Amino acid sequence: MTDDELRLKSIRYRRDLLRIIFQAGAGHTGGSLSCIDILNVLYNRALRVTPHTFSDPNRDRYIQSKGHSVEALYVVLADRGFFAAAELETLCRYQSPFVGHPTRKVPGIEMNTGALGHGLSISVGLALAAKRDGADYRVFTLLGDGELAEGSNWEAAMTAAHYRLDNLTAILDHNTLQITGRTRDVCSNEPIDEKFRAFGWNVCTVDGHDIQQLTNALAPRSRVSPRRDSESRRDSPTWVDSQPTCVIANTIKGRGVSFMENSVKWHHGVPSEVELQQALAELDDAESALMEAVR
Ligand SMILES: [Mg+2]
């Protein structure tokens, strides 16, 4: 699949997640829009897992630690064939497995998450198990930047480096917002790159909406080549193969819909009918422009 085909997919994913959130009357709109390009590249280019191999012990694992952005995960899993897209019409309905955080009742989901600060610890355990078993699967986890205030992340970060878990990649959805405001105002975690490096991790920084940069950082066996930011180059000139990797993905909360971008209101804002139509129209325009550009 070409980069442009993945860019078109991202637009369609955005449209789908807005529709299901509107229909359910609940959801985490802003964070789902900020991480959807990351999930697109993960599931279409990086992860070795399909509906048919989901019970294979050697499949790659993905743990969505920022579980509240599950609507993004649902639309990508549906697109990859883990379940029928029509099932998402039951989101948040009584007895539906499609609830507001990931659960293992949904095909393709590895772990119940959403209580923040646990996904990285779980991922460290999975990556360590791979090492102990002599397996070559990789483990990916997606963290929110507000989530880094949970101290358990730093215990897990320390442990991952101690066990030299180079099969582990943590992706940070660095949208600089959390539920109550700017992360720097609530509990500043900067400089994140220097913190992870101090804990013994490889760190690279990418545009979290750029398909090519995300591919370089996440695609199989490309971990020796991600472009490193100038800070990391200055502090640590060599890429260390025996270290876990943190990909800091600079993103925009609400990305793709003008009136949702960079607004704390849309952390779990649900669009009205009028707002939905406006958002879908913007995405239609973006799709038309992209198709015109690649024609
Ligand atoms: Mg955030």
Side-chain angles (χ1 to χ4, degrees), residues 10 13-14 17-18 21 26-42 62-76 100-102 113-123 140-154 156-157 169-196 199 201 203-210 213-214 217-218 229 245-271 279:
S10 280
Y13 289 156
R14 285 185 163 87
L17 73 88
L18 288 169
I21 288 172
H28 286 83
T29 310
S32 287
L33 289 169
S34 78
C35 72
I36 194 69
D37 300 305
I38 298 168
L39 294 182
N40 185 355
V41 170
L42 267 177
Y62 170 66
I63 305 294
Q64 184 155 315
S65 194
K66 51 168 289 183
H68 52 278
S69 296
V70 71
E71 291 85 11
L73 181 57
Y74 287 154
V75 299
V76 174
H101 289 81
T113 52
L116 296 174
H118 298 291
L120 187 55
S121 297
I122 293 165
S123 300
F140 297 84
T141 186
L142 180 68
L143 309 174
D145 48 5
E147 183 183 9
L148 290 184
E150 299 279 359
S152 50
N153 284 303
W154 302 104
T169 299
I171 309 154
L172 184 69
D173 183 2
H174 189 219
N175 59 30
T176 74
L177 281 167
Q178 60 190 95
I179 187 168
T180 54
R182 288 278 162 206
T183 301
R184 66 167 181 259
D185 297 326
V186 177
C187 185
S188 178
N189 50 30
E190 303 289 350
I192 298 170
D193 56 346
E194 291 182 19
K195 286 190 172 78
F196 270 95
F199 273 75
W201 288 54
V203 178
C204 70
T205 301
V206 300
D207 177 340
H209 302 300
D210 186 297
Q213 288 188 33
L214 286 167
L218 301 175
D229 57 59
T245 294
C246 177
V247 176
I248 299 175
N250 289 326
T251 56
I252 296 170
K253 201 159 184 168
R255 167 75 176 218
V257 179
S258 61
F259 58 91
M260 295 180 179
E261 289 190 354
N262 256 322
S263 166
V264 73
K265 168 190 169 188
W266 289 98
H267 178 85
H268 48 31
V270 176

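Numbering starts at 1 and runs along the sequence shown. Small disclaimer: the values here were computed from a predicted structure and weren't measured. The basis for the numbers below is simple: all heavy atoms, side chains too, and nothing from hydrogens, waters or symmetry mates. Indexing begins at 1, ligand by ligand and atom by atom, following the structure's order.
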Quiz prompt | Rounded distance (nearest 0.5 Å) linking atom CD1 of I36 with atom NE2 of H209 | solution =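 Between I36 CD1 and H209 NE2, I get 11.0 Å after rounding to 0.5 Å.
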Practice problem: Return the set of residues passing side-chain contact (heavy atoms from CB on, under 4.5 Å) with A170 (not counting sequence neighbours), or none when no residue passes. | Solution: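 Listed in chain order: L120, T141, L143, W201.
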Exercise. With sequence neighbours excluded, tell me which residues meet side-chain contact (heavy atoms from CB on, under 4.5 Å) with S10.
Key: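 Expected list: R14, D37, N40, I211.
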Quiz item: What class does the angle between the rings of W266 and F259 fall in, given that below 30° is parallel, 30 to 60° is tilted and above 60° is perpendicular?
Solution: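 Rings of W266 and F259: perpendicular, over 60°.
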Practice problem: Can you list, by chain and residue number, the protein N, O or S atoms under 2.8 Å from the Mg ion (ligand 1)? | Solution: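 As for protein N, O or S atoms lying under 2.8 Å from the Mg ion (ligand 1), they are D145 OD1, N175 OD1, L177 O.
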Quiz item: Taking the side chain as C-beta and beyond, is there a heavy-atom pair between L142 and L42 under 4.5 Å?
Solution: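 A side-chain contact under 4.5 Å is absent here.
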Expected list for residues 179-187: side-chain donor-acceptor pairs under 3.5 angstrom, two or more places apart:
| from | atom 1 | to | atom 2 | distance (Å) |
| --- | --- | --- | --- | --- |
| R182 | NH1 | T176 | OG1 | 2.7 |
| R182 | NH2 | N262 | OD1 | 3.3 |
| T183 | OG1 | Q178 | OE1 | 3.3 |

